[in-house]
Every structure is written in C-alpha cells, then in structure tokens.
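What follows is a single structure, written as structure tokens, with notes after it.
These values consider heavy atoms only, across backbone and side chains, with no hydrogens, waters or symmetry-generated copies. In the text below, chain A, chain B and the rest are named by the order of the sequence lines, each starting its count at 1.
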Protein chains: 2
Amino acid sequence: MAVTIYDIAREAKVGIGTVSRVLNNSPKVTDGTREKVLSVAKKLNYQPHAFAQALARKRSNTLSAIIPFFTNYFFIEVLQGAQETLVSLGYDLIIHGVNSREQMEEYLSKSLKKGRVDGTLIFSLELSDSVAKEFLEKNIPLVLVDTQHPKFTSISVDNFEGVRIATEHLINLGHKKIGMITANLKSVPAKERLIGFKQVMQKNNLSINDRFILSSSQTKNDGFSREAGYESMKQMLQQNSELPTAIFVSSDIQAIGVLAALREHNISVPHDIALVSFDDIELSKYFGLTTMRQPMYKMGELAVHKAIQLIENPGTVLSSETFTPSLIVRGTCGQNPAYSFPSN
Amino acid sequence: MAVTIYDIAREAKVGIGTVSRVLNNSPKVTDGTREKVLSVAKKLNYQPHAFAQALARKRSNTLSAIIPFFTNYFFIEVLQGAQETLVSLGYDLIIHGVNSREQMEEYLSKSLKKGRVDGTLIFSLELSDSVAKEFLEKNIPLVLVDTQHPKFTSISVDNFEGVRIATEHLINLGHKKIGMITANLKSVPAKERLIGFKQVMQKNNLSINDRFILSSSQTKNDGFSREAGYESMKQMLQQNSELPTAIFVSSDIQAIGVLAALREHNISVPHDIALVSFDDIELSKYFGLTTMRQPMYKMGELAVHKAIQLIENPGTVLSSETFTPSLIVRGTCGQNPAYSFPSN
DNA sequence: TTTTGTTGTGGAAGGGCTTTCAAGAACTTA
DNA sequence: TAAGTTCTTGAAAGCCCTTCCACAACAAAA
C-alpha cells in the first residue's frame, strides 16, 4: 500500500490538513512544521495519488488530443510540440488517434462526460454541429488546430498568405504562365488555396488560363494524395499542347505525384516546369520540393497554451490565431541551382 | 454538476449500492430493478466519473506509452495499433514522446509513483538497470516493444530471420558478391543484422569480402540515418575499384543515402547494384525500396494485449514474442521489372 | 487585565464510486 | 406453520485527497 498523507501526518505529529497545506505550498504554515512535514514526506518517498487529487480538486491536469492518424508527419510534429509544453506545465496527455470524423464523434460522445480531462485539442477535423453544441453546453475548453469553428478558439495557417508567398516566389523568378493543381474543392484549404492563387495572379496582372487550373474529384483524403496529383498532372498533359512554365500544387504529397507524371513524359523539373507546393512534410526534403512550411511544432505548443489558459481562466474570450507559413526553397522551383533532384 | 449514482438512486427509488451493482453487471440484482435503474440512468444521461471509479477500484484503466519521437513512422503505426486495441478494451492511453533515454528516465521517475496508470509500454528504448529495478519493485506491469530486457515481457522483431530472408532473396536472384552497410555497431539491431548477414553468407557458401562490409561510426540515431548511409556508400566507392553486385543495408533510411551516393557516381540501381534494406518506413515506397517490413501495427496491438493480461492476471509469467519481418519486393532488388525507380 | 485580532492548526466534510455487512424479503423444507 | 435458506437490497465504510470551519495560541491594542 502506498504512502498517504495520513502516514505523513502520524509520523510528523501534525494533522492531515497541515500536510496537505504544506504539499500545496499554502503560505499559512510555519517554517518549522513545513520542514518537518517535508522531511517526513521525503523519507517515506511520498507521491500524491493523482486520482484522489483529481477527485478532490475537480481538476485532472490532463488534456486529450484528437488527431487523425492519416496526417502522418503533421501528427508527430504537432504532437511533439503539444506534449513537450504539456510536460513542462505538469499536465498529462491522453491521445486519441482517429481515422475519420465519425470515429472522432463516437469517441467524444463516450469520453467527454467522464470528466477525465480538463480540456480537449482537436486537430485537422471539421467539427460537426452536434459536437460543437456538446462542448458548448458542457463548457469544456476546446482548442481547434488546423481547422476552424466560429465558436471556438482555433489555431490555423493562413492559406491566402501562404499561397501569396509561394506564387509570388514563382513570379519573381520570372514565370508568367503559371498553373495550379489543387485538391478536392469540397475541402476548405483546397478551396482557399485556389482562391488565393487567383487573387495573386490578378494582383500581379497575370492572366489565368483555366486549362492550367485543375482540381481533383477524388474523395480519399479530399484529393490530398499522391494519386490525385498524378492524375491531375496527367490530365493537364493530355489537355494541353502547350504547358505552363510553373505550377503551384496545393500539397507536397500531390506534388510528388505530379513529379512522377512529369518524369514519365520526360519533362524536367525545374528546367521545363518549376514547382512550388505546400506543407513541407517529411518526404519533401527527399524530393527536393520547394514548399510552404507550416510551423507544426509551434502550433502544438500554442494550442496547449491556449487550452490551459481556457482552463485556468474560464472567462477568456475565444481567440483565433493564424500562422504564416514560410517558404522553403529547395530544388523544384529552380532558384537553388545547388539543389539537385532528388536532393542530397 | 454531473449526474451521480445518488441521483439515479433517488429517481429509481433504490439504494446507491444497487445502482452500482446494476452498472457493473453484478448478477445479484432482479431483472425488475435492473431495468428500472438502467432506464433512469439512460434518461439522466449518466456517465460514471472516471476518477471516482479509479479511486475506488484502485484501477485506472489507463496505460502509458513511452515512444521516442525520432522513430517517426514507426511511432505512428505502432501507436495506431496500440491505441485502437486499447479503445476496444475500454482503456485510455497517456502518451509520452521522448527524445532520449534520459528524458524517458526523468519522466518515469516522476510519473511512475502517481498511480496514474495500470501499466506501461516502452518502445525502442533500452531499459537502464535503475528503471528496471523500480518497475520490478513497484510491480508495475511493463511491456517492452522493439527492445528487450531479461526481466520483462517484450515484443520484438527477429533480426536474424529478417536478415536471412533479405539476403537469401538476393542470393536467389543470382548475386554472389554481396556487401553490407550497417549502422553503428553499438546499437543492438545494427550488430545483430551484421552477424546475421555473415551467418547467411557462410551458410550459403559465399565468401565475405570485408571491404564490402561497412559500419557507421556516427552516433546520431546510432547511425541509422540518411547521412550515415550516404557516407558509408561513398567510402565503399572510394576504397574499391570493383564493387559488389548487391548490398544489404541495415535500414531504409540509410538505403536512401546509399541511393543518393550511387546516383552521384552514375551507378544504376538495380542494374549495376541491387539493394535490399530493412524497416519499410513510409518513405520506402516512394523510393521503390525492396525491404523487410516490420509488422508495426500488430506489434502495438500485441503489446497492449500483453500489458492488459499482465494487469488483469498479475501472476502471468513473462513471455517474449518475436515477429518475423516480411519481404516487400519493390524496385531496388531488380526482381520486379515493372517497378521503376523512383516508383510510381 | 481584558478585548480584539492574527495566525496556525486539527479534523470533519465532501468529492463519486465500489464493496462489505447486516437485515429484510422471498423462498424452502419439515 | 415454523424454522431454516437463499436472494436481494440499503446503507455505511473506505479509497486519498482538498478545503472549510472552528478553535487554540499568541500578539497587539484598549
């Protein structure tokens, strides 16, 4: 049986209340008793019992994170950011990986009420109204990462700004005929990136050729997949005799498919066509992709801070923060001649 | 305030004990009362309070997993296996990603005593004696995955068998002059894979040319890195005028480095040199690597089952299970002509 | 000296559950 | 019908903590 505060109280000849006060750094304890208690606690190698504490305090010092497994590298980095901050703040992390929105809802409906966690982080998954309502009703702190909802604090990436930087990079390199390959337009980021692209082109007085703009009809991963990228590029090659000199692709994973399609047609990157994409997943460096990097670690970190702020400060107004992705120049845009493809 | 068993008891006009018994499927309750309680519980949308339960039962239905972040893809897959099994069994998972053994020990020393988890899973990290002692003393169920210790249940991969399959695949393809590039020999898998390789060569009456066998002196990731692979291959190229016709590389990530070095020298894979490696990380398919796949998902799954068995059945003897990796034939071994490199 | 005010302290209550215990209800059996 | 069993049930105790309340001890003010 583990050591309890009763053991300490007996040994130190004080009351359990005093022991608890000492352990919680309450100021109203004499230095003498404090030392006495502390030394006994150390001698007995006391550790507070997490559940008893949680029960009494009505606080568990635990957060849950719901992350889709399929986000892969994003998953790990963001998790790393979240986890390390959490540890430094004395919290634990219950993680729940899911593969779909349905799975998330199922999990939430079961776990939410158990009072096991003080707050929740949801990554990349769109919030359904029913879930949103439940969080609101139960007043459980919730932070959204890489997804948004008007009623909750969220952390996301500025797609418009990212696209602007990417596209202007291409423009500054002298490209005028620029195409875009995006994912399934039902997905919010796919749509935003396309709209952003058109805006930038217009702002720079460049004409938009609709034949150079393709979206995907695939539903698996909303078209953010290698296959989708491959198909889109194939299609562009079929439909056109003349090609753009540069293409902005809405994700790295699609860009890898695009590269494969181009290679099949012996079209050299970046010589014949330059490429810039979005995400900077782990694969990107191996393929030499010039891309827009999302500060994943930072996002995890900030998510935790926001969540804890919400917990410790229930009145906090919801705040949505936006990160600007940064341009990572590698081989596919042609600016960096030292960068061979696939890269070293 | 949440609904408690007291609310149910009052509403259903029974005692709290009865409510608890119904909720825990105790047989000694009449069908009549059972239904009554159940219907009230449903009506009030009751959810048991996890901490109160844990406190009373002295069981938390929670496992903690300690996984090094740097294992990347392994991390995700194995986690997925663990997590999904856990959910199906009604357990929660506290995960703790670490970057080193020191970090792991620090975390353990703090968290172990809190009685927060019923058992622990440790992945890929070698157990120090002090930590081992602590687990033993406190009698906390522990399962080791991808690492071993004589006193604990573990799940690992049969390196010898994996190497045998890989190397004999090369031999069956007609190769006789086979080299090996391994990682830092301080790491157990690196060493085992090398020893295994030599055994297989001998068993097949093939001569081992020491000039074709390289290990890495790098310490970062124990030499399981792209850079290490690149360096090793460079070195082999420098030292030899004649090269082996096939190389077994101790990990995929190194193989990617090897590929880069070979490309620089215009040596074609698999035409001039065939390659087989180990792990089947996510990258592998994009590089068309023929490799030995570890059943990561399965390992996570089994780890959980073993841990829970240990928890629910404290007398269980420790059992160590070994998985045999399976050969994934892609482009780099030359057997699969349809597989271009980098692959489609 | 008495009164008022501080400060430190012990212990009960409470958090929500499981489990034990004793007693009442419902059955047997003679 | 009485005595003896067996079931079912309500309520108390216990899990380990935090926090509130009341009181003791002492210092300062009257």
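- Out of D:dC17, C:dG16, C:dT18, the shortest distance to the side chain of B:Ile5 is found at C:dT18.
- Among the atoms of the strands shown, none is found under 4.0 Å from any heavy atom of B:Phe51.
- With rounding to whole Å, A:Leu44 atom CG is found 14 Å from D:dC16 atom P.
- Between the base of D:dC15 and the side chain of A:Tyr6 there is no donor-acceptor pair shorter than 3.5 Å.
- If you check every strand for non-hydrogen atoms under 4.0 Å, B:Thr30 touches sugar and phosphate atoms only.
- Rounded to whole angstrom, the span from the CD1 atom of B:Ile8 across to the C1' atom of C:dC17 amounts to 12 Å.
- Taking atom NZ of B:Lys58 as the reference point, atom C1' of D:dC17 lies 14 Å away to the nearest angstrom.
- Judged by atom type and distance alone, B:Arg57 does not reach the base of C:dG16 through any side-chain donor-acceptor pair under 3.5 Å.
- Across the protein-nucleic acid pair, A:Ile16 atom CD1 and C:dG14 atom P stand 14 Å apart, rounded to whole Å.
- Between B:Ile155 atom CD1 and B:Phe323 atom CZ the span is 6.5 Å, to the nearest 0.5 Å.
- Of the inter-residue distances, the one linking B:His149 atom NE2 with B:Phe135 atom CZ reads 11.0 Å to the nearest 0.5 angstrom.
- One distance of note links NZ of B:Lys133 with CG of B:Asp129; it measures 9.5 Å at 0.5 Å rounding.
- Between A:Arg59 atom CZ and D:dC16 atom P the separation is 23 Å, expressed in whole Å.
- For the pair B:Lys298 and B:Glu321, the salt-bridge criterion is not met [side-chain N within less than 4.0 Å of a carboxylate O].
- For A:Leu55, taking side-chain heavy atoms from C-beta onward, the closest of the listed nucleotides C:dT18, C:dC17, C:dG16 is C:dG16.
- To the nearest angstrom, P of C:dG8 lies 14 Å from NZ of A:Lys36.
- Nearest-nucleotide positions on DNA chain C place A:Gly15 closer to the 5' end than the other of B:Thr18 and A:Gly15.
- Between the CD1 atom of B:Ile94 and the CD1 atom of A:Ile94 there is a distance of 5.0 Å, given to the nearest 0.5 Å.
- Donor-acceptor pairing under 3.5 Å, judged by distance alone, is absent between the side chain of A:Arg34 and the base of C:dG8.
- D:dC15 atom C1' lies 14 Å from atom CD of A:Gln53, rounded to whole Å.
- The residue among B:Ser20 and A:Val14 whose nearest nucleotide of DNA chain C is located toward the 5' end is A:Val14.
- Heavy atoms of A:Leu23 sit nowhere under 4.0 angstrom from any nucleic acid atom.
- Using a 4.0 Å cut-off, no side-chain N or O of B:Thr33 falls inside it from OP1 or OP2 of D:dT8.
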(request) Test salt bridge (Lys or Arg N to Asp or Glu O under 4.0 Å) on B:Asp222 and B:Lys186 and set out the steps. (result) CA-CA 7 Å; B:Asp222 281 340; B:Lys186 274 191 297 188; over 6 Å; no

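- Atom NE2 of A:His49 is separated from atom P of D:dT18 by 12 Å (rounded to the nearest Å).
- The side chain of B:Arg21 lies closest to C:dC21 when the candidates are C:dC21, C:dG15, C:dT9.
- For B:Val29, the side-chain atoms get nearest to D:dT9 when compared with the rest of C:dT18, D:dT9, C:dG10.
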